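Notes follow the structure.
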Amino acid sequence: MRTFRQIQPILAALRSHKTAVILLVLEIALTMAVLGNLVFIVYGTIQRSHVSTGVAESQIGLIQSITVIGEQSQGTTAGDLAALRNVPGVTHAAYGGPPLWYVERDPVFLDPSRQHPVAQMYEFQGSQDLSRTLGLHIVEGHDFSDDELPVLAKMSMSKDFQFPVLITRALADRLYPGGNALGRVLYDGNAASRVVGIVDHLRGEITGRPDDDYSMVYEYVVGAQNMGGGFMIRASDPARLPQVLHAAAAALQKADPAHVQNKLFTMPELRAKYFRSDLATGRMLLAIILILLVVTALGVSGLASFWVQQRRRQIGMRRALGATRGDILRYFQIENFLIVTGGVLLGALFAYALNLFLMHRFELAHLPANYLLAGAVALWLLGQLAVLGPALRAAAVPPVVATRSV
Amino acid sequence: MFGYYLDLAWRSLKRTPVLTGLMVLAIGLGIGASMTMLTVLHVMTDDPMPGRSAHLYTPHLDPLPRDYKLRDGSPDPTDDMTWPDAMALLKAHRGVRQAAMSGGSLLLRPARADLRPFYVSGRYATTDFFALFGVPFEQGSGWSAADDAAGAQVVVLSETLARKLFGTGKAVGQTVRLGEHDFRVIGVTADWAPKPVFYDDQTGTQYSDADLFFLPLSVAVDEKLQVSGNRSGWVHGDDTSLTSANMTWLQFWVQLDTPAQVAAYRQYLVDYSAQQKALGRFQRPPTNAKLYSLMSWLAHENLVPGDVDLQLWLALGFLFVCLLNIVALLLAKFLRRSGAISVRRALGARRRDIFVQLGIESALIGVAGGVLGLAIAQLGLWSIRQRPDDYAKLAQMDMSMLLGTLGLAVLASVLAGLLPAWRACRVPPALQLKGG
């Protein structure tokens, strides 16, 4: 009640400092707008960097062979894969690439005329055992069985051949909303595919958009040909993945010296590299957030200490008339709270406006309301912290000041 | 008077070191953050070929069918040119110089036993490429039009690649095995890497790439060498050979020295399109043909990544918050001196004098803030150079940005001082004195 009764005179006092108060409210409002959106962006980046691709990332390693030199070389891709599978610690091996690594993206159609693409999808292709090497979770239908796979050497480009494919749940729901996707036929730019199974998740890239999870997988049987490209292994023990990968690379080189090996990396390494730039941006934005808070706090405390100095006589008078130190302290704290509240209310508006602008220009998502609430709480705390010093100084003004002239 | 005001300002600022420090810090942080991002934007949109860019143009034709719809996220086929069109423009020879080109990536198998095979990216081009872009040579020279016509297997290496393959020895006359063919080295370019690689199509990493070899375009087409970049066809099931009339993949640049030449070339493009339309090959209006200057082409391609743009906006918003802060602090500071100001007014100072005096005080804060901002911007640029992005290595401040930083800081602080100074100079003379 006491506190409440104090508000009236505080508002009256603020009315005589209109310009300064408006500036302070504006500053807090802008801080809130920028702060809310920045935190939202940074948090979104961090969240995104934890989204799974849907494969057994901790167990997968890749050997990239840029080419095979020498036409007379004796190796075959089938032989290469057998050599990789024989390495101790390797459970599966396949020719093909993992997510986040140059995955082809093609439009998908529901009819062979290919007039209206329904969506863009990621296409994972590789040798037999690709789905098991990736460690896909099949939730409906069945995994590829070896007898249904096309043989690469004899792959007929006849118009009626239908590749057996796995598609993700998200793509199935997009293509056949509410319907059963199993057994249906879909078309990419070149070929027709029949859905034999549905996997829970498989993301070609992680951009944060829902169509990251629109993917299709198909396998073919590799045999006597000798190809460069990606060779994936899946290790049984994630902790030993780096050692197993190196052993596998050595085994591949021994089995088929014609390979020119270029890169060797594990999925966790690929993932770290994929997000390096985004996380660097996140760190920079975080730095801007901190600096922004500091600047705002400095501004609030600078103006407050000016007001304290300006009102020394009035403070002394109030003390002489019986106000306690606590009263004076609370006066400045309430004053600050009122100003910050004004700023926060205006700031919520600004934050939404800025968010709309950012959504329009940079494909940002909608700012959830709880970010505004968190921003408001942060600014209230910051304001109280900033005003504490000047308010304490005000409270320390002795009553005798009232009796002195300037 | 200026010296006197400067002295007054200096004394006034010294009297309140904490408040002054706060203001300098606020302006320094705001300026530092914005100049970091402005510098990044500046280096990314800078002229890649100063002195030459004004004469370089890129023509663009529109051979697409009338009902072709551009899909979201896929490249615009008219960004590039088809083989028949490029050859026609080349043969017409309407510019001072002209060249067709495309990027390519080939496996290089070094003769040296200690080097493993590796991929190199370079450029397939026609003879004028070197003269058109003013590529400097360290040894030898480019190839001739006759080499182009004959499909001669010759190559020009960049200095970096030549040194890697042949050390400091003479590279010209040596043989390099690229893909499945042997090429005779006829020249070595001195370090030459425009940033961005404006003549490439949009698929490359334009700020960190450089061409390591150059070879005749005719060889690439004859031998079906691997072409990098977009290959956009629009007839389903059509042949996808490089010479197809329904697929764009080439970049074309032309040198035009006078406005008259530019106008004539523009007309020529329209005429050519009209002629192709009459022949039934083009379907769209001939006026769709465009001629971009180098800088307007870069603007059209908009190479600046979204996150740089976003960060620039945020930095400017941040500067604005800092400025508001300074306005409030200056207001407090100036009005606190109401007593002194009213005495000066009583002694005959005009409002204008007070205004100028306080303006100089704001500017002084701006200078100090600018110096601090410069240091902070260097720190910011350093942190950007540590980033993995393609453009990161370019983030360096040049002289114009350096002066720009100081200028912006002073301008910002004077602007911030306007309202407080205006309020302060309206203090009535002597009236304040009575209050006591």
Side-chain angles (χ1 to χ4, degrees), chain A residues 17 19-24 26-31 33-35 37-38 41 66-67 69 105 107 114 117 120 189 228 260-262 273 276-278 280-281 283-285 287-289 291-292 294-296 298-307 309-310 354 357-358 361-364 405-406, chain B residues 16 18-19 21-23 25-27 29-30 32-33 36-37 71-74 107 109 116-119 236-237 305-311 313-315 317-318 320-329 331-333 335-336 339 376 380 383-384 386-390 392 419-420 423 435-436:
Chain A
H17 294 286
T19 321
V21 171
I22 289 172
L23 286 172
L24 212 52
L26 265 180
E27 187 186 337
I28 287 162
L30 280 173
T31 303
V34 175
L35 186 73
N37 282 288
L38 278 189
I41 292 171
I66 50 175
T67 190
I69 288 184
R105 199 158 185 242
R114 296 185 172 84
Q120 295 272 324
V260 180
Q261 288 183 15
N262 186 26
K273 200 173 156 217
R276 222 166 59 161
S277 169
D278 283 348
T281 305
R283 271 195 297 276
M284 194 157 132
L285 295 183
I288 292 195
I289 291 173
I291 296 173
L292 189 64
V294 169
V295 166
T296 308
L298 292 181
V300 170
S301 117
L303 209 61
S305 56
F306 165 67
W307 277 338
Q309 212 154 30
Q310 207 182 27
L354 182 63
F357 170 75
L358 293 177
R361 251 194 99 145
F362 303 103
E363 294 187 33
L364 224 63
S405 60
V406 187
Chain B
T16 53
V18 178
L19 203 61
L22 286 184
M23 288 189 281
L25 192 64
I27 224 169
L29 287 171
T36 302
M37 291 325 296
R71 282 204 199 109
D72 232 18
S74 32
L107 184 73
R109 299 184 201 170
R116 295 176 60 80
F118 56 95
Y119 270 98
H236 194 76
D307 63 334
V308 171
D309 231 12
L310 176 68
Q311 285 164 41
W313 279 100
L314 288 170
F318 178 58
F320 191 65
V321 173
C322 290
L323 283 185
L324 271 182
N325 197 344
I326 294 160
V327 175
L329 293 177
L331 192 68
K333 188 164 167 48
L335 288 182
R336 192 153 121 197
I376 291 171
S383 80
I384 284 183
Q386 309 308 308
R387 296 177 49 125
D389 298 285
D390 157 41
L419 174 78
R423 285 285 300 270

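The figures here come from the full heavy-atom set of this structure, side chains too, leaving out hydrogens, waters and symmetry mates. Chain naming here is simple, since letters A, B, ... match the order of the sequence lines and numbering starts at 1 in each. Fair warning: this is a prediction, and the values are worked out from it, not measured in the lab.
- For chain A, the nearby parts of B:Leu310 are the backbone and the side chain; heavy atoms of each come within less than 4.5 Å.
- Chain B forms the most heavy-atom pairs under 4.5 Å with one residue out of A:Val34, A:Leu26, A:Asn37, and that residue is A:Leu26.
- By the salt bridge (Lys or Arg N to Asp or Glu O under 4.0 Å) test, A:Arg276 is found to be paired with no residue, residues two or more places apart in sequence or in another chain being considered.
- In this structure, the separation between CG on B:Leu324 and OG1 on A:Thr296 is 10.0 Å, given to the nearest 0.5 Å.
- The most heavy-atom pairs under 4.5 Å with chain B, out of A:Leu303, A:Leu292, A:Leu298, A:Thr31, come from A:Leu292.
- The candidate from B:Ala315, B:Pro117, B:Gly317 with the greatest count of non-hydrogen atom pairs under 4.5 Å with chain A is B:Pro117.
- Partners of B:Phe118 under the ring-ring contact (aromatic ring centres under 6.0 Å, His included) rule, at least two apart in sequence or in another chain, do not exist in this structure.
- Within the 4.5 angstrom heavy-atom criterion, only side-chain atoms of A:Leu358, from C-beta onward, approach chain B.
- Distance check, rounded to the nearest 0.5 Å: OG1 of B:Thr36 to CD1 of A:Ile288 gives 8.5 Å.
- Among A:Ser305, A:Gly299, A:Ala29, the residue with the largest count of heavy-atom pairs under 4.5 Å with chain B is A:Gly299.
- Of all heavy-atom pairs between A:Gln120 and A:Pro107, the closest is NE2-CB, 3.8 Å.
- At a 4.5 Å heavy-atom cutoff, A:Ile22 makes no contact with chain B through either its backbone or its side chain.
- The most heavy-atom pairs under 4.5 Å with chain B, out of A:Gln310, A:Arg283, A:Met284, come from A:Met284.
- Contact tally against chain A (heavy-atom pairs below 4.5 Å) for B:Asp309, B:Leu314, B:Ile384: the top residue is B:Asp309.
- When heavy atoms are compared at a cutoff of 4.5 Å, B:Leu323 does not approach chain A at all.
- With rounding to the nearest 0.5 Å, the separation of CD1 in A:Ile291 from CD1 in B:Ile376 is 7.0 Å.
- B:Ile27 places none of its side-chain heavy atoms less than 4.5 Å from the side chain of B:Cys322.
- For the side chain to side chain contact (heavy atoms under 4.5 Å, CB included) test with B:Asn325, the passing option among A:Leu24, A:Val295, A:Leu23 is A:Val295; the others fail.
- For B:Ile326, no part lies near chain A; criterion is any non-hydrogen pair under 4.5 Å.
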